[in-house]
Protein chains: 2
Amino acid sequence: VKLYDFKQAPNPRRVRIFLAEKGIEVPMVQVDLGKREQREESFQRINPLMRVPVLELDDGTCIAESVAICRYFEVVQPEPPLFGTDAKDQALVEMWNRRIELNLMGNVSAGFRHTSEFFAGLVEQVPDWGEQNKRNAAKEFGWLNDVLAEREFVAGDRYTIADITALCSVDFAKVIKLRPTEDQPHLQRWHAAVSARPSAGA
Amino acid sequence: VKLYDFKQAPNPRRVRIFLAEKGIEVPMVQVDLGKREQREESFQRINPLMRVPVLELDDGTCIAESVAICRYFEVVQPEPPLFGTDAKDQALVEMWNRRIELNLMGNVSAGFRHTSEFFAGLVEQVPDWGEQNKRNAAKEFGWLNDVLAEREFVAGDRYTIADITALCSVDFAKVIKLRPTEDQPHLQRWHAAVSARPSAGA
């Protein structure tokens, strides 16, 4: 197997952290999005949608989408469980991971895509939409602070993929100049804790 | 258990079809989004994010997000498998389900949200963003037609949750006046087949 990765992007980081938490090592190939390498024909054969990360299996199967790649490794090596345990816990982890994707990663990404130089000419930017997403992302930091007032981790009392998605979203938000603030102590406490895990540097 | 549902919305339909394919019956409570019932305080206790569907378990736990609810029932009753079988198959189903959500449901929903009377005053509409999404949704119908040229179902040779997401997205696209066209024979063949399953009427 090998993993097509790009160190600076938030979604490949989700997979790297997931693998580090599992203690799994996979050879990586860097695809430089800054140089638009994802648009080259050789990579379009790997993923026609021109996104990283992608996991290429030994039989040539290419699995795109961060959560799909993580799911592959969860089934191959269930311990430690990062997608939840029993039916209820798995459902709650899925719920929280999706809420974080929608409320946090979605707003941060759209804010960046629609206002940044990086995406100018690459996507059809709608600046008003970008600004709305930036404002919403700031609100969602407050929402996540409230969520973390009631529990140690995003989906409960155990570290899961929802924490990985949240960490990558919060850290990526620096591209829209958004950071946890002094009046978000629960978000800060959680962010310090998940950032201190060795996996965070993966 | 009970399921908070709204017959006219696309996401609750995903769960109803999933349950029908599993042969599981669950009592349902209608939450009329047309009357904004999701904003009432009693429902905000069920889901602070004010969305349906939500599954309420007997212990009071509330599980929101369509795919999280489906995941709950997949673990409780694995047969027939709608999230895939082994590690590779589960990963591919997750990949295709997410691609359909992102490319199809995402575009259709944003096209509708940002241009319709229904959402006027409810969300901060950005018409240019809505129109871009409508154009992209039409392109994605062509993309899905190409995908279905190579396989019987969205994720391969077996009906999965990716077909459910795709069916609900394609049918919901009528709100932006988008239907499969004559020059999309693979999409039409697949759409006729999945619509003929008893679950489609759930």
Side-chain angles (χ1 to χ4, degrees), chain A residues 1 47-49 51 54-55 57-59 61-78 83-103 106 110 114 123-133 135-136 143 146-147 155 162, chain B residues 1 47-49 51 54-55 57-59 61-78 83-103 106 110 114 123-133 135-136 143 146-147 155 162:
Chain A
V1 301
N47 184 6
L49 302 191
R51 297 192 188 103
V54 178
L55 181 71
L57 302 182
D58 290 339
D59 70 1
T61 303
C62 289
I63 299 165
E65 298 298 325
S66 309
V67 178
I69 297 170
C70 294
R71 175 76 59 189
Y72 176 82
F73 289 109
E74 181 84 353
V75 179
V76 167
Q77 185 195 299
F83 278 95
T85 53
D86 62 9
K88 182 169 104 175
D89 192 48
Q90 285 193 46
L92 288 171
V93 170
E94 180 96 46
M95 175 182 86
W96 282 106
N97 192 47
R98 284 175 170 269
R99 282 179 166 175
I100 297 292
E101 287 178 338
L102 192 69
N103 291 356
H114 287 274
V123 302
E124 193 183 337
Q125 292 182 312
V126 180
D128 284 352
W129 174 240
E131 294 302 330
Q132 182 181 138
N133 276 274
R135 290 192 300 275
N136 286 340
W143 164 78
D146 293 343
V147 166
Chain B
V1 301
N47 184 6
L49 303 191
R51 298 191 187 104
V54 178
L55 181 71
L57 302 182
D58 290 339
D59 69 1
T61 303
C62 289
I63 299 166
E65 296 299 325
S66 308
V67 177
I69 297 170
C70 293
R71 175 75 59 188
Y72 176 82
F73 289 109
E74 180 84 354
V75 179
V76 167
Q77 186 196 300
F83 277 95
T85 53
D86 61 10
K88 182 169 105 175
D89 192 48
Q90 286 193 47
L92 288 170
V93 170
E94 180 96 44
M95 175 182 86
W96 283 106
N97 193 47
R98 284 176 170 269
R99 282 180 167 176
I100 297 292
E101 287 178 338
L102 193 69
N103 291 355
H114 288 273
V123 302
E124 194 183 336
Q125 292 183 314
V126 181
D128 284 353
W129 175 240
E131 295 302 331
Q132 182 182 136
N133 275 273
R135 289 193 301 276
N136 286 340
W143 164 78
D146 293 343
V147 166

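Atoms considered below: every heavy atom in the structure, side chains included; atoms not considered: hydrogens, waters and symmetry mates. Residue numbering restarts at 1 for every chain, and letters A, B, ... go by the order of the sequence lines. Remember, predicted model here, so these are calculated numbers, not experimental data.
- Atom CD of residue B:Q90 and atom CD1 of residue A:I63 lie 11.0 Å apart, to the nearest 0.5 angstrom.
- Evaluation of the ring pair (Phe, Tyr, Trp, His ring centres under 6.0 Å) rule for A:F83 yields A:F18 as partners, not counting sequence neighbours.
- A salt bridge is absent between A:E65 and B:R98; no separation between the charged side-chain nitrogens and carboxylate oxygens falls under 4.0 Å.
- Closest of all the heavy-atom pairs between A:R99 and B:P48 is NH2-CD, 4.3 Å.
- Under the 30°/60° scheme for interplanar angles, the aromatic rings of B:W129 and A:W129 are found to lie parallel.
- For B:E101, the part lying near chain A is the side chain, with the backbone staying farther off; criterion is any non-hydrogen pair under 4.5 Å.
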| task | Go through the steps for B:R51 and A:L102 under the test side-chain contact (heavy atoms from CB on, under 4.5 Å), then give the verdict. | result | CA-CA 13 Å; B:R51 298 191 187 104; A:L102 192 69; 3.6 Å; yes
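- Of the two parts of B:D89, neither the backbone nor the side chain holds a non-hydrogen atom closer than 4.5 Å to a non-hydrogen atom of chain A.
- Atoms CD and CD, from A:E131 and B:E124 in turn, are 11.0 Å apart once rounded to the nearest 0.5 Å.
- For the set A:L55, A:D86, A:L49, A:D128, the entry with the most heavy-atom pairs within less than 4.5 Å of chain B is A:L49.
- Using a 4.5 Å cut-off between heavy atoms, B:I69 does not touch chain A at all.
- For the atom pair OG1 of A:T61 and NZ of B:K88, the computed distance is 3.5 Å after rounding to the nearest 0.5 Å.
- Rounding to the nearest 0.5 Å gives a distance of 13.0 Å between CZ of A:R71 and CG of B:L92.
- Heavy atoms closer than 4.5 Å to chain A are found in the side chain of B:W143, but not in its backbone.
- Minimum heavy-atom separation, A:A87 to B:V76: CB-CG2, 3.7 Å.
- The most heavy-atom pairs under 4.5 Å with chain B, out of A:G84, A:C70, A:S66, A:A68, come from A:A68.
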